[in-house]
Amino acid sequence: MFTMQHSDQGEEENEPYYQRLIHAGLNQAFSVLESLFFITLTLYGRGRPMAKPKFAIYWAGSCGGCEIAFLDIREKILDVDKAVDLVFCPCIMDTKYKDIEAMKDGEIDVCLFNGSIRNEENLHIAELLRKKSKVMVAYGSCATEGCVPGLGNLTNAEEIQKYAFETSPSTGNPDKIRPRAETKVKGGKLTLPVMCDYVRTLGQVIDVDYFMPGCPPVADQIWAVIEAVLTNALPPKGSVVGVNPKTVCDECDREKNEKRVKRFFRPHEVDPKDIDPNLCLLEQGIVCNGPATRAGCGALCPQVNLGCRGCYGPAEGIEDMGGKLAGSIASVIDSDDPEEIERIVSQIVDPVGTFYRFSLPSSILGRKV
Amino acid sequence: MAEKYYIGKAHWKSILNTWMEKYNVIAPQKEHGSLYMVPVTAENSQTIVYDEVRAVEPMKHFFIPPLTDVTGAVKTGDKPWLFLGVKACGITALTVLDQAFGGDFTDPRYEKLREESLIVSTDCAHPLETCFCTKVGGNPYPVKGFDLNLSKVWDGFVVEVGSLRGKELLEGHDRSLKEVVKEEAEALSKIRARAVREVEDFNRNFGFSAESGTALFKHYSSDFWKKDSENCVECGACTHVCPTCHCYFLDDVTKKEFVKLRGWDSCQYSGYAMTAGGGTPRPKLAERFRNRYLCKFRYLPANYDALGCTGCGRCIAACQGRIDMRETLHDLK
């Protein structure tokens, strides 16, 4: 502002020498002050408003696909890196648990937690990250609904371990040795996390701010959520993010008529050449979970002649996805003869694995006992 | 009868709905930062606070209301009460009231209400700074005296059956009852241990105990009574919120018909136990102040086989003069 008044060159030349000297001196003083001000701002601003938000991505009982999906946003990962500071991600970084324990409560801005709660380590880290994170996102189907690991709830930890370490046909373990929580070795003891009896979703053990379903969530939806976090445009707590309202059927372009089904196929039982690419898969006897599944993926599976598997979880208003699906599938069977109905239904070999594939732990069934 | 089950969130809803059909369910709801016992309706059933801490009003509020008409037959509501979310201190208090209004001379109103209502207690997860149940022999979680006890573990409950009537409450819900697995049991004991630790932390600086309380009589003429009662304004809030205080007055009202009213009295009032001619056994404030402590820690244990203080801390929270019972007890230990 001070210099603006003296931008007129001619006037400046007319100024007496001493006045110019004073002006120059003042200008200099101002610029020094200005730079000092900015230096202090930068120094004090470190770790405060100018710092990048801290991100954590953790995997619990999961396959790691959610991390791959995160990297699947391709070159946008560079934008993510520019915008956030990834502090914890065991998949790609070597951060120790004790580093997280040493953090202040609420120091991590956003934690994307994928994976179900399968063992005590998962449980411990879920509780720890909840304490250290401002926003906790159940990221992916495992953390939101339980997903494929959740099908373990049809048995319990003891039965699973017995099969895996003793009775399975491919196991050679005559001494019936099983992993133990503690093993004494020379120079100390080794510990392993103990397997929980049943799989739980993240929301069942801690307070979760947002849910982001999908196995894995599709890249566009991940980016939409990260963008929302960065621009602080987050919906109310408890919302399901990165999804569209309605069901997969609404996103699916296939032609839908009244459904009458005489025979159900498993994916390998039908020749892809025989599938009409423009007709609803369910009408062609291919079990599709689309009618009860939350939209958001853009109907990826039906596009490639595969029935929707239901990884985005139950659509809004559906409490129990498997029950709803069983009902909808039952309603399309084209027969009045009980025996024939029995025969048609028996073509769906694994009803729980088909209809509850992604949502058993969060369903009304929940678990075995 | 230590039957324990785990009930998940999805199943709990249907259980609560069947209870609401049969009973008038009363449960804590949060309002202005405190919990109040309110009837559960379809609208507010989602916002019931299961863990946290005791409600503001004690259980005596329901069994011996502030003002009752005691003439005529015993009247009760159309549905029996089911109290959901009673805490351990509330149950301990009821054992005192049971002996006061039951025992040799039974109060038919109290007995009827008490008999037909059900107690479904819950654990405390976040004790208040005024809580001191562990100091007077209690715990922030109920161990007996309930029909059912719910301990919130994650998003479900570990349910402990405490009576046959409690077991009947779960009838028809066999499919909702899952066995308690080890990680749930561990999580529960962790939650309980944390609550105990929290209460103990709040009371780290107070050196009294239930035993030192019962020995209060030796300090009968101590100067502390006068000193500690300096801030007392004789409002009687401490006795009215106390879950075990049960002194009452009877008032005869003659309108068209004769009516006898029973209302809460308070030993902190100068008019308490006043006789004709203005005689009173405790004319001085410090004496009335002392009476409350002696009643809780000396007279009630002597008569009723139960300590009169449950450590709920309501009197501390309600006091206008910021008098902390624990400080007085600490001074006189």
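Convention: sequence-line order gives letters A, B, ...; per-chain numbering from 1. Note that the structure is predicted; figures quoted are calculated from it, not measured.
For NZ of A/K237, the number of neighbouring non-hydrogen atoms (other residues, nucleotides, ligands) closer than 6.0 Å is greater than 12. Within a 6.0 Å radius of CD in A/E316, other residues, nucleotides and ligands contribute 12 heavy atoms or fewer. Surrounding CZ of A/R180 are at most 12 heavy atoms belonging to other residues, nucleotides or ligands under 6.0 Å away. Applying the 6.0 Å contact sphere to CD of A/E159 captures more than 12 heavy atoms from other residues, nucleotides or ligands. The number of heavy-atom neighbours closer than 6.0 Å to NZ of A/K246, taken from other residues, nucleotides and ligands shown, is 12 or below. Atom NZ of B/K79 has more than 12 heavy atoms from other residues, nucleotides or ligands within 6.0 Å. The neighbour count for A/E101 CD, taken as heavy atoms of other residues, nucleotides or ligands under 6.0 Å away, is above 12.
In this structure, B/E183 contributes its side chain and A/D197 its backbone to a donor-acceptor pair below 3.5 Å.
Interface remark: of the candidates A/D207, A/I364, A/V205, A/V205 forms the most heavy-atom pairs closer than 4.5 Å to chain B. Most heavy-atom pairs under 4.5 Å with chain A: of the set B/E184, B/K9, B/R175, this distinction falls to B/E184.
Shortest non-hydrogen contact noted between A/M195 and B/K182 is O-NZ, 3.0 Å. Across every non-hydrogen atom of A/L365 and B/K178, the tightest pair is O-NZ, 2.7 Å.
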Practice problem: Test A/E127 against B/R194 for salt bridge (Lys or Arg N to Asp or Glu O under 4.0 Å), laying out the working first. | Solution: CA-CA 14 Å; A/E127 280 165 0; B/R194 197 187 57 205; over 6 Å; no
Practice problem: Decide yes or no on side-chain contact (heavy atoms from CB on, under 4.5 Å) for A/T201 and B/W154, but give the supporting numbers first. | Solution: CA-CA 10 Å; A/T201 68; B/W154 302 323; over 6 Å; no
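Both the backbone and the side chain of B/E179 come within less than 4.5 Å of a heavy atom of chain A. For B/K152, no part sits under 4.5 Å from any heavy atom of chain A, backbone or side chain. Residue A/R367 touches chain B through both its backbone and its side chain, counting heavy-atom pairs closer than 4.5 Å. When heavy atoms are compared at a cutoff of 4.5 Å, A/I206 does not approach chain B at all.
Between A/E120 and B/K190, none of the side-chain N atoms (NZ, or NE/NH1/NH2) sits under 4.0 Å from a carboxylate O, so this pair counts as no salt bridge.
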